[in-house]
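In what follows, chains carry the letters A, B, and so on, assigned in the order in which the sequence lines appear, proteins first and then strands, with residues in each chain numbered from 1.
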Amino acid sequence: MHDLRMIREAPDRFDQGLQRRGLAPLSAHILDLDSRRRAAQTALQEMLTRRNAVSKQVGAAKRSGEDADALIAEVQNLKDGIADNEASEKALDAELVELLEGLPNLPADDIPDGDGEDDNREVRVEGEKTAFDFEPKEHFDIGEALGQMDFGAAARLSGARFVVLRGALARLERALAAFMLDLHTQEHGFNEIVTPVLVREEALYGTGQLPKFAEDLYRTADDYWLIPTAEVTLTNMAADGILDEGDLPSRMTAWTQCFRSEAGAAGKDTRGMLRQHQFSKVEMVCVTHPDNSDAELERMTGCAEEVLKRLGLPYRVVVLCTGDMGFGARKTYDIEVWLPGQGTYREISSCSNCGDFQARRMKARYRPRGEKGTRFVHTLNGSGLAVGRTMIAVLENYQNADGSVTVPEALRPYMGGLERIALDAPVA
RNA sequence: GGAGAGAUGGCAGAGUGGUAAUGCAGCGGAUUGCUAAUCCGUGUACCCGAUAGGGUACCGGGGGUUCGAGUCCCCCUCUCUCCGCCA
């Protein structure tokens with residue numbers, strides 16, 4: 001949600017931001033609605049002031065036994081005007097909110113313009129692409145050959161875009177999540193949280209998935225929604241609250257299941273577990289002071305990268321262009337891991353600074369020291385990392401010619417010391 | 001699923017038609033060798049105003065009655081307690 005005062009003060013800057021997002025200028029229309037709404041509000045308030053004053057006199061008159069009919073008649077005469085102004089203020093406000101809540105966040109100054117993925121800018125490349133003396137396979141071939149990744153069983157249970165894991169691969173999912181959570185909580189200062197995955201509509205409004213992107217989400221018959229990411233629950237922990245400045249930054253992490261309908265992705269990544277309706281992810285969220293969110297984005301991206309470094313997975317970082325960035329973000333880094341089976345880099349994490357865009361929607365504020373009033377916090381979210389995709393990356397980068405997969409050193413303590421996942425791998 | 005109770009500011013907690021007590025915490029200020037204590041101020045959002053200042057709304061949400069609603073009426077949501085079922 002955008003700040004009306006900012007639009008009033010810098011309408012050109014607002015329109016330029018919209019234009020970079022590929023949208024037509026709207027400040028003139030918004031400011032017209034805004035000034036008409038304020039005029040109605042002011043007129044209403046003046047009538048209410050009068051009504052309150054006269055009502056007081058009525059009370060005083062009645063107490064002293066005087067006749068109050070003339071005063072009562074005066075208030076009666078105000079009623080139509082009050083009702084009219086109240087109605088038009090409400091209508092104009094609703095129109096304004098409906099317009100504003102559908103607009104995406106404005107892009108940061110330092111991100112590239114562009115229409116889509118091809119215009120993202122590579123920031124850095126880490127690690128050498130894994131070399132093989134055989135033709136590396138894709139993860140689904142490896143997993144199915146190991147007998148531990150079963151798409152057929154999942155299809156019988158649920159349909160397309162689900163997977164069943166068994167044995168060492170099932171444990172690998174848990175090992176990866178535990179490794180990531182330990183790293184973020186013990187070394188990166190995040191607080192581990194367990195949240196619901198079923199939420200009410202308001203939570204999804206706060207982070208910006210609703211009302212615009214309902215078709216991407218699953219919803220239950222009794223009107224709960226399944227979270228597409230723990231960003232929703234972790235960020236909304238700050239909703240409707242006023243934090244003390246000393247409580248910032250608040251860094252949280254959670255391992256949850258995520259649910260996405262993938263409505264717009266028909267035919268894309270249909271094989272394997274790259275794009276699933278249900279997957280698990282370790283999410284990082286940070287609620288910061290407005291002055292610190294830019295630095296925090298760099299820090300958070302580094303936290304996600306550290307997972308890949310410790311797992312020995314090659315990757316690159318790209319900064320998203322205006323056309324590829326999500327609704328609530330003002331700046332986003334994607335981390336793309338090298339997948340030798342596919343021979344390409346694929347997204348494994350996305351770290352975004354949302355500025356005060358989500359905070360404004362969910363009324364998340366803090367109280368500045370030595371200042372009157374409150375200010376909106378800034379919110380950031382990032383995957384640290386998507387567990388299923390990390391498994392894909394481990395399988396493809398650590399595969400051996402004989403079809404087995406070497407367990408990365410960092411994961412062995414979490415796998416009961418297991419060094420290789422093979423056809424007959426003990427579950428340990 | 002059945003029965004009942006409740007929702008008031010950061011927290012606690014009064015308030016059954018006359019315009020939100022009080023306590024605690026936090027923050028700002030005063031006082032003070034230091035600390036403690038004490039005293040004063042301080043809810044949130046919005047509108048008008050160059051400023052000083054003035055005003056409106058908000059007692060879970062939405063409607064209604066009334067000159068006037070935290071208080072009365074209607075609808076909804078949520079929370080809690082007991083019983084039943086249940087991981």
Watson-Crick or G-U counterpart of [N], or none if no pair lies under 3.5 Å:
N	answer
B:A12	B:U22
B:G60	B:C76
B:C34	none
B:U65	none
B:U71	none
B:C46	B:G55
B:G17	none
B:G1	B:C83

At less than 4.0 Å, is any side-chain N or O atom of [X] found next to OP1 or OP2 of [N]? Yes or no.
X	N	result
A:T374	B:A45	yes
A:R5	B:A45	no
A:N52	B:U56	yes
A:R365	B:A45	yes
A:N77	B:C67	no
A:R367	B:C27	no

Quick check for you: among [options], whose closest atom lies nearest to any side-chain atom of [X]?
X	options	result
A:L48	B:C47, B:A57, B:A45	B:A57
A:Q76	B:C46, B:C67, B:A57	B:C67
A:R200	B:A69, B:C78, B:U44	B:C78
A:K90	B:C47, B:G62, B:C67	B:G62
A:K62	B:A69, B:C47, B:G18	B:G18
A:S55	B:A57, B:C67, B:C47	B:C67

Q | Over 12 non-hydrogen atoms of neighbours within 6.0 angstrom of CD in A:E192 | A |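 Check passes, neighbour count above 12.
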
Q | Residues that A:Y414 engages under side chain to side chain donor-acceptor pair (under 3.5 Å), provided they are two or more places apart | A |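 By the side chain to side chain donor-acceptor pair (under 3.5 Å) rule, A:Y414 matches A:D182.
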
To the nearest angstrom, how far is [X] atom [atom1] from [N] atom [atom2]?
X	N	atom1	atom2	answer
A:I82	B:G55	CD1	P	17 Å
A:Q45	B:C58	CD	P	11 Å
A:K79	B:C67	NZ	C1'	8 Å
A:E245	B:A25	CD	P	22 Å
A:L96	B:C47	CG	P	11 Å
A:M47	B:C67	CE	P	18 Å
A:R375	B:C27	CZ	C1'	17 Å
A:F376	B:C46	CZ	C1'	12 Å

For [N] versus [M], give the span between their [atom1] atoms, rounded off to a whole number of Å.
N	M	atom1	result
B:G54	B:A69	C1'	25 Å
B:C78	B:G61	P	15 Å
B:U71	B:G64	P	14 Å
B:G29	B:A45	C1'	26 Å
B:C46	B:G41	P	26 Å
B:A21	B:G15	C1'	7 Å
B:G84	B:A3	C1'	11 Å
B:C83	B:G23	C1'	38 Å

How many angstroms lie between atom [atom1] of [X] and atom [atom2] of [Y], to the nearest 0.5 angstrom?
X	Y	atom1	atom2	result
A:H188	A:M284	NE2	CE	8.5 Å
A:Q276	A:E262	CD	CD	9.5 Å
A:T235	A:L380	OG1	CG	9.0 Å
A:L33	A:S35	CG	OG	8.0 Å

Q: Measure from NZ or CZ of A:R375 to the centre of the six-membered ring of A:Y366, then state whether that distance is under 6.0 Å and the direction lies within 45° of the axis.
A: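 Output no; distance or angle outside limits.
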
Q.
Here's a test of your reading of the structure: between A:D34 and A:E46, which maps to the more 5' nucleotide of RNA chain B?
A.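 Looking at the nearest nucleotide for each, A:D34 comes out on the 5' side.
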
Q: Tell me which of A:G59 and A:V54 sits closer to the 5' end of RNA chain B, going by the nucleotide each one is nearest to.
A: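 Its nearest nucleotide lies further toward 5', so the answer is A:G59.
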
Q: Test A:R330 against every option in A:D294, A:D356, A:D109 by the salt bridge (charged side-chain N to carboxylate O under 4.0 Å, His left out) rule and name the one that passes.
A: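 Exactly one pass, corresponding to A:D294.
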
Q) With a 4.0 Å cut-off on heavy atoms, is A:R8 in touch with a base, just the backbone sugar-phosphate, or nothing at all? A)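 Sugar-phosphate contact only.
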
Q: Tell me what A:V75 touches on the nucleic acid: a base, only sugar-phosphate, or nothing, going by heavy atoms under 4.0 Å.
A: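 Sugar-phosphate contact only.
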
